[in-house]
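Single-structure report; data block below.
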Amino acid sequence: MREFFNFLFKWRFFILFFLLECAAIFLSFSNSKLHQYIYAGSSNFMIGKIYETIYKLRSYFLLEIENKKLLNENKKLRNAHIFSKIIKISKDFKEEDLNYLQQYTFTPVKIINNSIHEQENYITINKGSIDGIKPDMGIILSDGIAGIIIKTSPHFSIAISLLNPKIKVNARLKKNKYFGTLSWDGLDHEYVVLYDIPRHSTIHKGDIVETDGKSSTFPEGIELGKVSSYKFDEEHANYIIKVKLMANFSTIENAYVVKNLFKKEWNDVQLYKVENK
């Protein structure tokens, strides 16, 4: 028996690789297009279980790394907790009299499937509608954002990844608050592009890019990446900025689904503005 366990330990990486390859081949023949995720019915549950099993095998060998990432997540969430609240200010107030309303709550999840090499990438997580997960909720990481939920089953959910040209995120330069639109250009999973920064903005390589809180999906102030390079677009009279993501999408495992407690109220107000222009 001891020799058997020694054999498993010696060849653990090969065995893991073999299992992952078998699963990958199976999933390749099953055609993992988005519409199949949506209409697959019971097969959606089975695929989710396969992903979850692969995740558990992978986590066994990456436990130490995962623990460090969890510690970093908890630390950053505590440091950034003020962005998940709304300040209530009375007409006459002192700073010590400020009150806060909770605006965002966070549900911890595991990313059990994630693509990065497709033109349109998606993410599968291990929680669904019975956990309160709904479409249009955001997914955040310890060092950025991952995507937005688009479909749920009772136990699993699918999100459109930040590495998908269909997703647009409101973002800004942290130092001067000039904001624009962040999206992926489909070229490199380590970089995204920030558009619409005005020509009078001052930009330097290494400047931090963060969420600006102008949507109902993500809280303000989540750091996304750093300016890698930039150029001025003469046609549209603004800057196009290449941003190096802080998150490594090839290794993401732990995440949080963000619930905006005032999302309906926010969307109703925005709809009113559109209808009354």
Side-chain angles (χ1 to χ4, degrees), residues 69-89 98-111 123 125 127 131-150 152 157 159-164 166-184 192 194-197 207-227 241 243-249 252-271 273:
K69 288 178 68 176
L70 282 170
L71 289 174
N72 287 331
E73 286 179 357
N74 292 333
K75 178 181 177 181
K76 289 189 177 182
L77 283 173
R78 285 195 295 269
N79 291 339
H81 74 281
I82 193 65
F83 292 118
S84 66
K85 301 176 185 295
I86 297 176
I87 300 176
K88 290 182 65 180
I89 303 177
L98 289 179
N99 293 317
Y100 296 88
L101 282 176
Q102 186 74 31
Q103 182 176 5
Y104 296 96
T105 60
F106 305 89
T107 302
V109 298
K110 301 291 185 182
I111 294 173
I123 293 169
I125 62 173
K127 291 188 179 179
D131 303 292
I133 309 300
K134 298 179 181 179
D136 296 329
M137 288 184 176
I139 303 177
I140 67 171
L141 306 166
S142 62
D143 45 10
I145 65 176
I148 299 175
I149 301 292
I150 56 173
T152 64
S157 299
I160 184 170
S161 171
L162 182 62
L163 303 181
N164 189 319
K166 291 182 178 179
I167 189 174
K168 311 293 181 184
V169 177
N170 294 317
R172 69 188 181 194
L173 295 170
K174 183 174 183 177
K175 69 176 183 180
N176 56 29
K177 310 305 181 187
Y178 284 114
F179 62 89
T181 302
L182 190 83
S183 66
W184 189 51
V192 290
L194 179 61
Y195 299 93
D196 304 327
I197 299 299
D207 286 348
I208 292 176
V209 176
E210 63 180 12
T211 56
D212 67 2
K214 287 183 171 59
S215 77
S216 61
T217 304
F218 296 107
E220 175 187 5
I222 299 175
E223 295 185 355
L224 305 173
K226 296 182 179 181
V227 173
I241 303 174
V243 179
K244 175 71 182 296
L245 290 170
M246 293 181 179
N248 183 352
F249 271 72
I252 55 176
E253 297 278 352
N254 300 289
Y256 292 87
V257 172
V258 183
K259 181 179 181 181
N260 185 349
L261 302 178
F262 301 117
K263 188 176 184 68
K264 184 180 184 305
E265 182 178 346
W266 176 295
N267 290 337
D268 288 346
V269 170
Q270 300 304 312
L271 181 62
K273 286 169 55 180

Please enumerate all residues that pass side chain to side chain contact (heavy atoms under 4.5 Å, CB included) together with [X], with sequence neighbours excluded.
{"X": "Tyr178", "value": "Asn176, Ile197, Pro198, His200, Ser201"}
{"X": "Lys226", "value": "Ile208, Met246"}
{"X": "Asp131", "value": "Lys127, Ile133"}

Identify the heavy atoms of [X] and [Y] that sit nearest to each other, and give their distance.
{"X": "Val192", "Y": "Ser183", "result": "CB-O, 3.5 Å"}
{"X": "Asn260", "Y": "Ser216", "result": "ND2-O, 3.0 Å"}
{"X": "Ala255", "Y": "Ile111", "result": "CB-CD1, 4.1 Å"}
{"X": "Thr152", "Y": "Ile149", "result": "CG2-CG2, 3.8 Å"}
{"X": "Ile167", "Y": "Ser161", "result": "CG2-O, 3.3 Å"}

Legend entry - Contacts of type side-chain hydrogen bond (donor to acceptor under 3.5 Å, both in side chains), residue Asn164, not counting sequence neighbours: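 By the side-chain hydrogen bond (donor to acceptor under 3.5 Å, both in side chains) rule, Asn164 matches no residue at all.
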So, taking the atom named [atom1] in [X] and the one named [atom2] in [Y], what distance separates them when rounded to the nearest 0.5 Å?
{"X": "Tyr104", "Y": "Glu220", "atom1": "OH", "atom2": "CD", "result": "8.5 Å"}
{"X": "Asp212", "Y": "Asn170", "atom1": "CG", "atom2": "CG", "result": "5.0 Å"}
{"X": "Tyr256", "Y": "Ile139", "atom1": "OH", "atom2": "CD1", "result": "13.5 Å"}
{"X": "Asp143", "Y": "Ile222", "atom1": "CG", "atom2": "CD1", "result": "11.0 Å"}

Legend entry - Enclosure of Lys134 NZ (heavy-atom neighbours >12, cutoff 6.0 Å): no
Inset, instruction - Using the test salt bridge (Lys or Arg N to Asp or Glu O under 4.0 Å), find all partners of Lys174 that sit at least two apart in sequence or belong to another chain. - result: Glu223
Legend entry - Ala171 backbone acceptor or donor facing Thr211 side chain under 3.5 Å: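 Not at all, since once roles are kept as given, no pair shorter than 3.5 Å links the two residues.
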